[in-house]
Amino acid sequence: MAKPTLALIPSAIGDKLYSVLPSDGGGDFDLTRATTATRVNSQGLIETVASGDVRLDYPLVNGVVSGCPHHLIEPSRTNYVPYSDDFINSAWSKLSAGTGSTPIVTPNYSISPSGELDATRIQFDKGTGTGMTNYSFLAEFLTVTSGMDASKSIYLKSNTDSEYDLVLYGTSDASGTNVKKIRVTSEWQRFDVFKTITSTSTGVAFGLREISVSGLSNTADILAWGAQVENGLQPTSYIPTNESTVTRDADVGVPFNTGIKTGDISSYVNGSNGVFYFEGSFADFNVVNRISLSNSTGGFGGDYISISTNDSGSTEEDRKTKIIVFYKIETPSSIGTEDVTVNDARDNFKMAISWDGATMKGYINGVEFFSNSETAFGGFDRIYFSRADNNIAGVFHGKQKDLRVYDTALTDAELVTLTTL
Amino acid sequence: MANEIYDNSWFGNTIDTSSSIGTSTEMIQGQINLEGRQEVEAVKCLADAIHKIGIQNIQN
């Protein structure tokens, strides 16, 4: 198999996405973010990264780092919980009724996912009563923007050798996707629920209350940290707060209203023969998310290949189970739209698009999903973590684990090898 | 072969596999230059990725 001419392997920290190839830095990607943000570091701890800096984020399995990092690229989000890990604060209501007792809250009791001594111990006791009128739980009630997709999340862990069954729910409507029976174990886990709200009232509640769930523990001795309510269908990286809401800005390119991008890479890409390879996952299905090999002077009018979320699906479920490849050969004009069904585009996938001036092929996870007769491209000179015109409206949100450009086409066997998970 | 010559150190993997990927000094130079441009945190991950690319290069 040929060697790539450009390779972005997430490994370096700093204010760019640093490509190992080409060796002169000509394949580096600019990046900016106006605020701090958090990541999971190589020790598996959640830590703050300086504004403008890349986030190398490590995958966790059962609380342990399980592999090499990815670049974490996220949209702007606000944590509407003003006291995200200060559960003793009066902003958190300690509620009980019926056979239940008021929760006992002890701050700074144990080590949190950040590695600091700032996890809060909470002892719930709802007694032997069942149903929603016998309870012991914590809640923080919030006023937000009506119509937002309110995602609520929190980190929880058992403080004993026992596991506990609790409830997590959104205070505005404890039904459907907005309520979940959760099992709190000896490992830190992040739990979440979400619902599009129809008023300005929402909030997050957790503890022992059989509201839309049943079979909860009668008592629980747990640790809590990092509550978050944000506008999105799923939670993003943790945004710490202290007395007020906090906004984490998006990871974007320079200037601010563009996607993360390379400089001129035309000398590393061959319009007649080549492969565009990406490994990673998408994280946002409300808007268009793309990563493109493109031509800076052409935009949508020039040559491009874009790997995209399904922007035409009618529901989130539909959108996240399909990945689309858009491409255009400027001369002679040829436009292609090829889609492939996946289980969940939030899962890591490997995709390669290959062209040789006669045939263009797409492979995902070791399987070919299209093969079209196409002439050569004129040429490419940029990679955008966005649409082919690098518009802010189409920026990529998700995880980038590998990205390569080859200046020669690969064989079918090589494409299978390259994209097999 | 790949596992036998594997080394966890930054240059260990590079040097030990240099004969097999020797036709591409750019790959080795890319590692060295990246370290020079910026702090490489995931040293082993980068070395493994380059090592894998080099092995794929000589196997096909």
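Sequence lines set the chain letters: A, B, ... in the order given, protein chains first and strands last, and positions in each chain run from 1. Just so we're clear, the structure is a prediction, and the values are computed from it rather than from any experiment.
For the atom pair CG of A:Asp28 and CZ of B:Arg37, the computed distance is 4.0 Å after rounding to the nearest 0.5 Å. Interatomic distance, A:Tyr18 OH to B:Glu39 CD, rounded to the nearest 0.5 Å: 10.5 Å. Interatomic distance, B:Leu34 CG to A:Ile9 CD1, rounded to the nearest 0.5 Å: 10.0 Å. Between the CG atom in A:Asp24 and the CD atom in B:Gln29 there is a gap of 10.5 Å [rounded to 0.5 Å].
Side-chain atoms of B:Gln38 come within 3.5 Å of backbone atoms of A:Ile13 as a donor-acceptor pair (strictly under, hydrogens ignored).
More than 12 heavy atoms of other residues, nucleotides or ligands lie within 6.0 Å of NZ in A:Lys261, so this atom counts as buried by the packing criterion. Applying the 6.0 Å contact sphere to CG of A:Asn62 captures no more than 12 heavy atoms from other residues, nucleotides or ligands.
In terms of heavy atoms, A:Pro10 sits closest to B:Ala42 at O-CB, 4.2 Å. Between B:Asn33 and A:Ser23, the shortest heavy-atom distance links the atoms ND2-O, 2.8 Å.
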